[in-house]
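Naming: A, B, ... by sequence-line order, numbering from 1 per chain. Computation of the quantities below employed the complete heavy-atom set of this structure, encompassing side-chain atoms and omitting hydrogens, waters and symmetry-equivalent molecules.
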Amino acid sequence: MEYRFQEIEKKWQHFWKINQTYRVDETSTKPTFYVLDMFPYPSGAGLHVGHPLGYIASDIFARYKKHIGFNVLHPMGYDSFGLPAEQYAIQTGQHPAKTTIENIDRYREQLDKLGFNYDWSREIRTSSPAYYKWTQWIFMQLFNSWYNPITNKAASINELINEFEKQGLSAVSLSALHGGIETEITPFSASEWATFTEQKQQEILMNFRLAYLGESYVNWCPVLGTVLANDEVVNGLSERGGHPVERKLLKQWSMRITAYAQRLLDGLDGVDWFDSIKETQRNWIGRSEGASVHFPLLNHEGSIEVFTTRPDTLFGVSFLTLAPEHELVNQLTTDEQRAAVATYVSTSKNRSERERMADVNTISGVFTGSYATHPFTKEPIPIWVGDYVLVGYGTGAVMAVPAHDERDYKFATHFSLAIKQVISPTSDHDFSTGAWTEKSGTMINSDFLNGLSVTEAVKRMISDIAEHGYGSKRINYRLRDAVFGRQRYWGEPIPVYFKGDLPYLIPADQLPLDLPEVDKYLPTEDGDPPLGRATHWKFEEVYEYEKSTMPGWAGSSWYFIRYLDPSNELQLASPEKIAYWGNVDLYMGGAEHATGHLLYSRFWCKFLHDLGIVPFDEPFKKMINQGMILGRSSFVYRVVGEQTFVSAGLKDSYDTTPIHVDISLVNNDELDLEGFKAWRSEYKDASFILESSGVYLCGHEVEKMSKSKYNVQTPDELVDRFGADTLRMYEMFLGPVEQSKPWDTKGITGVHGFLKKYWRLFHLDGTFEVNETTPTKEHFKTLHKTIRKIREDLDRFSFNTGVSNFMICVNELTESKCNSRQILEPLTVLLAPYAPHITEELWEKLGHEPGSLYEAAYPEFNPDYLIESDYEYPVSFNGKMRFKVSLPVSLSIEEIQATILSQAETIKWLEGKAPKKVIIVPGKIVNVVI
RNA sequence: GCGGAUGUGGUGAAAUUGGUAGACACGCUAGACUUAGGAUCUAGUGCCGAGAGGUGUGCGGGUUCGAGUCCCUCCAUCCGCACCA
């Protein structure tokens with residue numbers, strides 16, 4: 001009987017569904033294991049072979065954990081709010097909910113064909129009101145919380161109000177403020193607080209809330225008509241669509257993620273993730289230690305605060321530079337300089353993010369005409385404006401030390417400003433060509449620092465500026481607060497209404513705040529977001545709701561918690577269920593979310609931890625990032641101006657344009673000519689210049705898989721041709737799961753052949769037959785060698801070598817014609833995680849209860865079967881392997897040496913010389929040194 | 001510029017602690033079989049060489065009896081960040 005994979009797979013997928021084989025609950029006393037895949041955004045294109053790579057790996061691992069005695073949670077759902085569905089809605093007028101459901105159904109159909117062990121009863125969709133009710137609920141908790149810098153955790157805003165009522169605003173609570181909006185707050189007493197209006201009180205509190213409405217510079221994308229988070233902007237263009245992005249000052253909902261900067265950094269030490277991801281996050285958080293220093297203004301009140309990581313070079317300061325957006329620019333500009341400064345500031349404000357980045361090498365700036373005073377020397381320091389200083393980082397002002405900073409050096413040289421050397425370099429350095437920026441050398445021209453090393457000087461200077469009240473030690477982060485509002489329709493409504501311009505939360509019992517229907521998915525004529533079109537959508541029929549919606553990352557920042565208790569209507573998830581499952585043991589997904597999703601989920605998890613809702617403060621213990629599967633695009637070469645196509649081997653003799661051609665028309669680089677003509681009406685009369693062999697060969701290139709490149713391979717087509725078990729194993733066999741690799745279907749026959757061979761082990765002349773007698777020692781050896789390797793491979797997520805080891809095992813058993821039940825039965829359990837369908841079928845044929853394979857215990861390795869009486873020693877001379885000798889393992893080192901040296905081969909390789917030394921590692925190797 | 005990763009046959013790759021480099025598979029070459037199949041089986045296949053043998057893990061050096069693996073220098077490719085003070 002042949003291996004009828006289509007019948008078998010259909011049968012078992014149906015069986016698992018009807019019997020709810022993969023449903024899990026919290027009644028088991030087994031240890032738990034939570035395996036999670038990054039849930040997909042259901043796009044219209046469906047799945048291509050790259051998507052399931054991680055799903056297959058995690059599925060194999062989840063099944064393995066189940067077999068070795070864990071209660072395994074392996075859920076799946078959809079990240080179903082987002083831009084593409086909305087863009088499609090704008091074009092077609094179709095409600096995004098409708099396309100989203102269609103896409104989800106398509107995804108589900110594709111996923112079901114691959115035989116995953118998801119517990120679909122736990123499915124979640126971020127766009128369903130039952131789910132986003134709780135996304136909104138979390139937003140409300142964030143709005144009602146502030147970050148207490150003393151306890152170093154989030155707490156109720158009422159605690160802060162109490163403090164204001166009792167003591168007013170102290171300097172300590174002020175230090176809780178950091179991030180994109182640093183509004184100056186004047187300290188106040190308790191009695192002053194009591195006299196403040198509601199408006200004023202709320203405005204003050206807004207500076208502390210973890211979800212807050214504040215004026216800040218945002219990434220504004222005019223084409224998309226919305227703001228974007230920093231991680232949604234790539235090289236000054238929007239991540240989705242590649243549209244230009246500008247900086248704009250807007251009143252926006254934001255998340256005070258900066259409050260968690262240090263904890264987000266520290267938490268990385270405790271998670272088992274790839275170093276590359278951890279480093280990317282550390283980089284993104286961007287902690288730097290230094291000092292803040294105040295430079296008093298000359299002839300003005302107040303001072304300019306700068307942040308520096310090099311307080312040791314303070315005596316080398318020759319000017320200060322302010323960002324063009326710095327609030328003091330206007331005040332400090334003298335009348336003579338006003339015109340020049342105004343021009344400069346408006347030019348740089350109007351430059352898009354992209355222009356500014358493209359233009360890093362141009363030095364530009366303008367003198368304000370004003371001076372500050374050096375805190376120690378009391379010398380006047382000119383104040384300049386330059387757009388190399390960023391308003392969003394540090395204080396938006398820098399102290400320029402041209403002798404020891406490259407940018408300051410360029411600026412000083414360009415504008416002929418003083419360059420004061422304060423460090424004597426440790427090696428030859430020519431100050432006429434550039435700055436000495438190494439953190440090494442001896443301090444000079446620096447008063448009390450003279451003679452100290454740079455490291456000593458940093459410490460000394462920090463303590464001196466603190467002592468004199470000129471400033472203090474400061475830690476600065478590159479991380480910005482995350483913009484939370486999107487001027488879009490297809491997202492969670494923010495559960496807020498306005499009385500005047502003050503935002504208030506809607507009552508919790510009115511959650512979810514449903515997304516209203518609108519006539520169009522475009523902004524209103526007044527420039528309001530699409531929700532502005534819902535004219536009757538008002539709180540208590542009077543107050544306007546917030547019209548922006550939440551960003552794509554809101555729903556995905558906590559979904560891993562909802563899977564634990566997906567249909568709970570009263571709570572995010574019950575504390576019992578959260579405690580039962582805990583956080584994610586293995587998270588599988590792409591590395592592209594390093595600075596987005598993975599940072600935001602950590603932030604929300606820590607926040608929910610502070611509130612006592614979850615007992616863990618990191619969401620994902622271990623993470624594996626699967627590599628991207630790249631497409632192999634095929635090209636035809638069209639002669640310029642003609643409908644003639646030249647085969648790849650001849651294209652260099654013509655003037656041609658390469659054109660992407662659908663890979664379904666290409667087999668082993670050979671083009672299906674008739675298929676090509678039928679593909680596009682414009683090609684129906686195409687003529688071809690063929691190779692001498694009479695075929696048309698296509699060129700190829702490895703690129704990202706995409707519809708527009710016609711290089712998309714869908715899993716469905718391969719499942720139809722080879723079966724899900726083959727596709728599962730082939731995707732694993734391609735190489736290490738974390739590595740990027742081009743997709744190539746060629747090798748799939750090898751894996752398919754393996755499954756057929758495995759199937760044949762159980763069949764004799766076409767009928768199922770296994771031998772009930774005791775297998776030979778060799779057969780047991782093959783089995784146990786495989787058990788050991790497979791378990792080791794699974795434990796280190798080496799799925800590709802796992803597949804190889806199954807092949808070796810089946811090859812050996814085939815060769816020795818083994819069909820013993822005592823071998824094939826354990827082998828079937830061993831293979832079950834990789835190929836669940838074929839193994840279920842054979843398990844049933846072996847006489848077991850249908851479906852019981854999933855519950856079967858994984859085979860244990862028994863080393864007794866691997867004990868050998870002889871070992872074949874490789875004998876090398878000066879490290880080069882020359883021949884092998886089989887010797888009993890019981891021999892002593894002396895006996896081995898004597899035997900080896902008496903071999904005829906040895907005498908030949910010694911060429912009459914005496915060996916200087918013989919290295920013998922028992923059970924490993926013999927090396928003769930001549 | 002900073003940080004991270006990766007360089008092994010025609011191809012995907014393996015070698016877990018320094019111990020037989022290239023397992024397993026694709027492809028290719030030759031052959032067998034046949035209800036002519038996207039079937040199955042046999043032999044070969046790193047490179048040079050008829051062979052003995054030589055040589056070989058990006059380049060160059062080092063440590064070691066022994067290095068793909070450890071150390072140093074350089075090169076290339078990919079990814080992330082980037083006027084971050």
Expressed in whole Å, how much space separates the [atom1] atoms belonging to [N] and [M]?
N: G18(B); M: G3(B); atom1: P; answer: 27 Å
N: C74(B); M: G62(B); atom1: C1'; answer: 15 Å
N: U8(B); M: U55(B); atom1: C1'; answer: 15 Å

Quick one: [X] [atom1] to [N] [atom2], roughly how many Å, whole number?
X: Asp744(A); N: U11(B); atom1: CG; atom2: P; value: 12 Å
X: Arg310(A); N: A85(B); atom1: CZ; atom2: P; value: 11 Å
X: Leu734(A); N: A14(B); atom1: CG; atom2: P; value: 11 Å
X: Ile285(A); N: C2(B); atom1: CD1; atom2: P; value: 22 Å
X: Ile925(A); N: G19(B); atom1: CD1; atom2: P; value: 9 Å
X: Ile790(A); N: U16(B); atom1: CD1; atom2: C1'; value: 15 Å

Taking only N/O atoms, report every protein-nucleotides 78-80 of chain B pair under 3.5 Å with atom names and distance.
from, atom 1, to, atom 2, distance (Å)
G80(B), N2, Asn283(A), ND2, 3.3

Nearest nucleotide by nearest heavy atom, which residue falls closer to the 5' end of RNA chain B, Lys917(A) or Asp275(A)? Asp275(A)
When Glu792(A) and Val929(A) are each assigned the nearest nucleotide of RNA chain B, the 5'-most assignment goes to Glu792(A)
Establish, with yes or no, whether the OP1 or OP2 oxygen of A13(B) is under 4.0 angstrom from a side-chain nitrogen or oxygen of Gln739(A). yes
Please determine if a side-chain N or O atom of Ser288(A) lies less than 4.0 Å away from the OP1 or OP2 oxygen of A85(B). yes
Have a look at Pro742(A) and say if it touches a base, only the backbone sugar-phosphate, or nothing, with a 4.0 Å heavy-atom cut-off. nothing
With a non-hydrogen cut-off below 4.0 angstrom, is Asp405(A) in contact with a base, only sugar-phosphate, or nothing?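 No contact at all - Asp405(A) keeps every heavy atom at 4.0 Å or more from the nucleic acid.
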Considering residues at least two apart in sequence or located in another chain, which fulfil the ring-ring contact (aromatic ring centres under 6.0 Å, His included) criterion with Phe307(A)?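 Counting only residues at least two positions away or on another chain, Phe307(A) forms no ring-ring contact (aromatic ring centres under 6.0 Å, His included).
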Sugar-phosphate or base contact per nucleotide [nucleotides 33-48 of chain B; S, B, -; heavy atom under 4.0 Å]: -----BSSS-------
Geometric class of the Tyr834(A)/Phe799(A) ring pair [parallel <30°, tilted 30-60°, perpendicular >60°]: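 Judged by the thresholds at 30° and 60°, the geometry between Phe799(A) and Tyr834(A) is perpendicular.
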Are Glu812(A) and Thr782(A) close enough that a side-chain donor and a side-chain acceptor fall under 3.5 Å?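 Indeed, the side chains of Glu812(A) and Thr782(A) share at least one donor-acceptor pair under 3.5 Å.
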Answer syn or anti for G80(B), where the cut-off is 90° from 0 on the glycosidic torsion.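 This nucleotide is in anti.
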Please list, pair by pair, any protein nitrogen or oxygen found under 3.5 Å from a nitrogen or oxygen in nucleotides 51-53 of chain B.
from, atom 1, to, atom 2, distance (Å)
G53(B), OP1, Lys908(A), NZ, 3.2

Protein N or O to nucleotides 21-24 of chain B N or O, pairs below 3.5 Å:
from, atom 1, to, atom 2, distance (Å)
A23(B), N1, Ser804(A), OG, 3.3

Runs of at least three Watson-Crick or G-U pairs with RNA chain B, cut-off 3.5 Å: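 Looking at RNA chain B, the stems formed by three or more consecutive pairs are B:1-7 with B:75-81, B:10-12 with B:24-26, B:27-32 with B:40-45, B:46-48 with B:53-55, B:60-62 with B:70-72.
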If only atom types and distance count, is the side chain of His404(A) paired as donor or acceptor with the main-chain N or O of Trp436(A) below 3.5 Å? yes
